[in-house]
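Start at 1 and go down the list; that is how both ligands and their atoms are numbered.
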Amino acid sequence: MKVMSIFGTRPEAIKMAPLVQALEADPDIESVLCVTAQHRSMLDQVLELFNLTPDYDLNIMKPNQSISMITSNVLLGLEPILAKEKPDMVLVHGDTSTSFVAALAAFYQQIKVGHVEAGLRTFDKYSPFPEEMNRLLTGRIAELHFAPTERNRQNLLNERVRDNTIFVTGNTVIDALLHVAGKPYEFEDETLKALDFDHKRVITVTCHRRENLGEHMANIFSAIADIAREFSDVEVVYPIHLNPKVREEADRYLGGIPNIHMIEPLSYQPMVNLMARSFFILTDSGGLQEEAPALGKPVLVVRRETERPEAVEAGTARLAGVDRATVYKLAKELLTDQAAYEAMAKAVNPYGDGQACSRIVEAIKAYFEQQS
Ligand code: UD1
């Protein structure tokens, strides 16, 4: 049976890499890897870390690309590849435009789709934008749904997805995390090398979502600047996404503050090590909300909603919103109230046990055995 994995951005690559490795290792499966390269350098960092060589590379990334450009280039680019390879199943991940469009391209050739990280919902089609709609539409097309948690399964059942097509597997991000965490590692980045992790409290920041661009980012960055100015024992590290719009805003609000360090995007291994050595994490990312609880680090989520409420319920994440005063207040609380900090800094793992990939491979094999 031939299974083609298709992805294009950094987070998809991190979460699909251990699955592609598991597919490649299985003697019953012929694994084909196609990347769209919706991201270029940020994707290549992950491919290199996990030793993956794509069979096909659409190389679609353009500076300041619009969602329509991504959509049309992926759709047209995949058509001949799918026609030539004729895979039995295409695997896509999560909620990016690459994921949705790859599912659509497969559907047009009546190729079955497996959706990894299925069933996450905010129930607001504009937030995150366009991700909530991407995952809804991918879910409509998919034949098999690999849901990280029981709640994700329930979301799919509520949309009348058939129970016997849903598999609760855990999130493959934990498989990826276990692959790199625990390996001895020394930073290569000069800024990180020079940081005094023993005597300073490091706050790791990531922020780049489309719906946060503009006013929200101005609020979030202003709150971070307030904290950095007030606490001299704090060092803020912001590995900044390559999106030029994000870079402009970050420079405007965070530039010139000595204990704020804006650095180039980190590869996965240094990123995991930075999180593990941080005091807490402030982010609008999805993946970090899953990784930080596993590392026992408090997370302030700078968004108005989350499709990952499990970490909030477990007590390690808080939804901080996008308002300057609230973000400042919650960050200050973690820095000044030891009991509040300790209540959040506990290792919990609502997102899986590191075996998600083997469960997905087994489910795919069982599906094809039933068909034959
Ligand atoms: C995309 C996904 C989002 C995902 C995020 C993770 C869509 C619509 N958005 O958002 O779901 O959470 O990736 O990062 O699918 N760039 C580079 N080099 C790179 C990567 C990006 O220069 O290696 C620049 C490009 O100029 C590009 C811009 O970043 O135009 C934005 O990238 P894009 O893929 O359009 O959106 P993201 O915000 O990264």
Enquirer: Which word best sums up how the rings of His179 and Phe50 line up, parallel for under 30°, tilted for 30 to 60°, or perpendicular for over 60°?
Expert: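 Rings of His179 and Phe50: parallel, as their planes differ by under 30°.
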Enquirer: Just to be sure I understand the cut-off, which residues have at least one non-hydrogen atom under 4.0 angstrom from an atom of ligand 1?
Expert: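 Only Thr9, Pro11, Gln38, His39, Arg40, Ser41, Met42, Met61, Lys62, Pro63, Asn64, Gln65, Ile70, Thr96, Ser97, Pro130, Glu131, His208, Arg210, His241, Leu242, Asn243, Pro244 have heavy atoms that fall under 4.0 Å of ligand 1, ordered by chain and number.
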Enquirer: Between the side chain of Asp175 and the main-chain N/O of Cys357, is any donor-acceptor distance below 3.5 Å?
Expert: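 Checking the backbone N and O of Cys357 against the side chain of Asp175, a donor-acceptor pair under 3.5 Å is found.
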Enquirer: Under a 4.0 Å threshold between the charged nitrogen and the carboxylate oxygen, would Asp124 count as salt-bridged to Arg304?
Expert: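 The answer is no: the pair does not qualify as a salt bridge.
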Enquirer: Which atom pair, heavy atoms only, marks the closest approach of Lys112 to Tyr367?
Expert: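 Result for this residue pair: CD-OH, 3.2 Å.
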Enquirer: About how many Å separate CG of Leu120 and CZ of Arg151, when rounded to the nearest 0.5 Å?
Expert: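 Between Arg151 CZ and Leu120 CG, I get 10.0 Å after rounding to 0.5 Å.
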Enquirer: Using the rule given for salt bridge (Lys or Arg N to Asp or Glu O under 4.0 Å), can you reason through Arg40 versus Asp44, listing the C-alpha separation, both sets of side-chain angles and the distance that settles it, and then say yes or no?
Expert: CA-CA 6 Å; Arg40 187 68 274 173; Asp44 293 340; 2.7 Å; yes
